[in-house]
Asks: 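Structure incoming, see below.
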Amino acid sequence: MITTDLFPAAPNPSRHDETLCAGAVVLRGFALTNEKPLLRAIETIAAQAPFRHLITPGGFRMSVGMTNAGPLGWVSDRRGYRYDAVDPDSGKPWPAMPDVFRELAGAAAARAGFSGFVPDACLINRYEPGTRLTLHQDRNERDLSQPIVSVSLGIPAVFLFGGMQRTDRATRIPLAHGDVVAWGGPARLRYHGVLPLKPNHHDVLGDCRINLTFRRAG
Ligand code: MD3
Ligand code: FE
């Protein structure tokens with residue numbers, strides 16, 4: 001019998017995989033096979049929990065639009081950054097994590113060398129031309145030995161990958177529609193960000209970029 005497995009469970013590195021440094025692997029085009037189910041799932045989530053511009057603890061409106069799926073969602077307000085089971089705009093739980101999300105994240109993590117990754121949070125970031133994300137660390141998750149998996153969709157972006165201190169020199173990594181990156185181990189606490197997006201157009205997503213970040217938050 002012939003079986004087709006879009007996301008093989010066993011690590012099966014392709015020659016397109018790029019190791020950026022210990023713990024950081026780019027899987028070019030890894031999300032393309034499930035492009036349509038992913039985009040449909042994002043539409044369903046955004047209909048229940050619309051993208052919104054959160055306020056930083058310092059009082060600034062984030063230029064990135066955000067929503068979440070899964071048992072926990074990342075939120076920011078004047079009180080700080082945290083994960084919460086409830087969408088503060090609706091008072092309801094965040095939309096469920098679609099199977100296609102969980103399976104893609106687990107398969108990408110396994111291929112990058114992080115087996116057994118089961119995310120409980122998916123932060124969905126929406127960028128328009130001009131939108132940026134300043135250098136930061138992701139450290140609100142309980143278990144920092146768990147990786148983060150990111151999926152880029154829509155117009156391209158330049159990702160900034162820095163060091164363990166904000167002032168360390170950052171390398172620039174172009175990320176295109178369908179690219180997946182897994183970050184863990186010694187890369188987990190590296191500073192990172194996204195340069196302001198250039199005006200561009202994507203045939204399916206229009207003038208926007210959507211990034212999914214899968215986390216084990218709780
Ligand atoms: C490297 N998002 O949501 S994803 C974020 O493209 C975030 O929307 C960016 O940074 C985006 O927090 C970048 C890539 C990423 C995510 C987490 C990381 C890179 C990381 C954690 C540690 C090191
Ligand atoms: Fe981040």
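Every number for a ligand or one of its atoms is a count from 1 in the order of the listing. Keep in mind that this is a model prediction, so the values were computed, not measured.
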Asks: Assess the side chains of Ser152 and Arg209: does a donor N or O sit below 3.5 Å from an acceptor N or O?
Replies: yes
Asks: When you check the gap from the basic side-chain N to the acidic O, do Asp120 and Arg142 get nearer than 4.0 Å?
Replies: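 Answer for the salt bridge query: no.
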Asks: Is a side-chain donor or acceptor of Arg102 paired with a backbone partner of Met97 at a separation under 3.5 angstrom?
Replies: yes
Asks: Side chain, backbone, both or neither: which part of Leu123 comes within less than 4.0 Å of ligand 1 when only heavy atoms are counted?
Replies: side chain
Asks: Could you tell me whether ligand 1 has any atom less than 4.0 Å away from a heavy atom of Val181?
Replies: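 The answer is no, since Val181 has no heavy atom less than 4.0 Å from ligand 1.
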Asks: If you measure from each heavy atom of Arg215 to ligand 1, is any distance below 4.0 Å?
Replies: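 A heavy atom of Arg215 does come that close to ligand 1.
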Asks: Could you tell me whether a side-chain N or O of Asp179 sits under 3.5 Å from a main-chain N or O of Gly29, the two making a donor and an acceptor?
Replies: yes
Asks: Examine the proximity of ligand 1 to Gln137 and report which part, side chain or backbone, both or neither, has a heavy atom under 4.0 Å away.
Replies: neither
Asks: Would you say Tyr127 touches ligand 1, if touching means a heavy atom closer than 4.0 Å?
Replies: yes
Asks: In the protein, which heavy atom is nearest to atom 15 (C) of ligand 1, and how far is it?
Replies: Trp183 NE1, 3.3 Å
Asks: Suppose we measure from atom 21 (C) of ligand 1 to each protein heavy atom; which comes out shortest, and what is that distance?
Replies: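 Scanning the protein heavy atoms, the shortest distance from atom 21 (C) of ligand 1 goes to His192 CE1, 3.4 Å.
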Asks: Among protein heavy atoms, which lies nearest atom 6 (O) of ligand 1, and at what distance?
Replies: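 Ranking protein heavy atoms by distance from atom 6 (O) of ligand 1, first comes Arg209 NH1, 2.9 Å.
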Asks: Report yes if the side chains of Leu39 and Glu43 come closer than 4.5 Å at any heavy-atom pair, otherwise no.
Replies: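 In short, these two side chains do not touch, never coming nearer than 4.5 Å.
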Asks: Checking the N or O distance criterion of under 3.5 Å, is ligand 1 in contact with Arg188?
Replies: no
Asks: Applying a heavy-atom cut-off of 4.0 Å, say which part of Arg139 lies close to ligand 1: side chain, backbone, both or neither.
Replies: neither
Asks: Taking heavy atoms and a distance under 4.0 Å, where does Ala187 meet ligand 1: side chain, backbone, both or neither?
Replies: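 It is the backbone that gets close, since no side chain atom is under 4.0 Å.
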Asks: At under 4.0 Å between heavy atoms, is it the side chain or the backbone of Leu133 that contacts ligand 1, or both, or neither?
Replies: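 For Leu133, only side-chain atoms sit under 4.0 Å from ligand 1.
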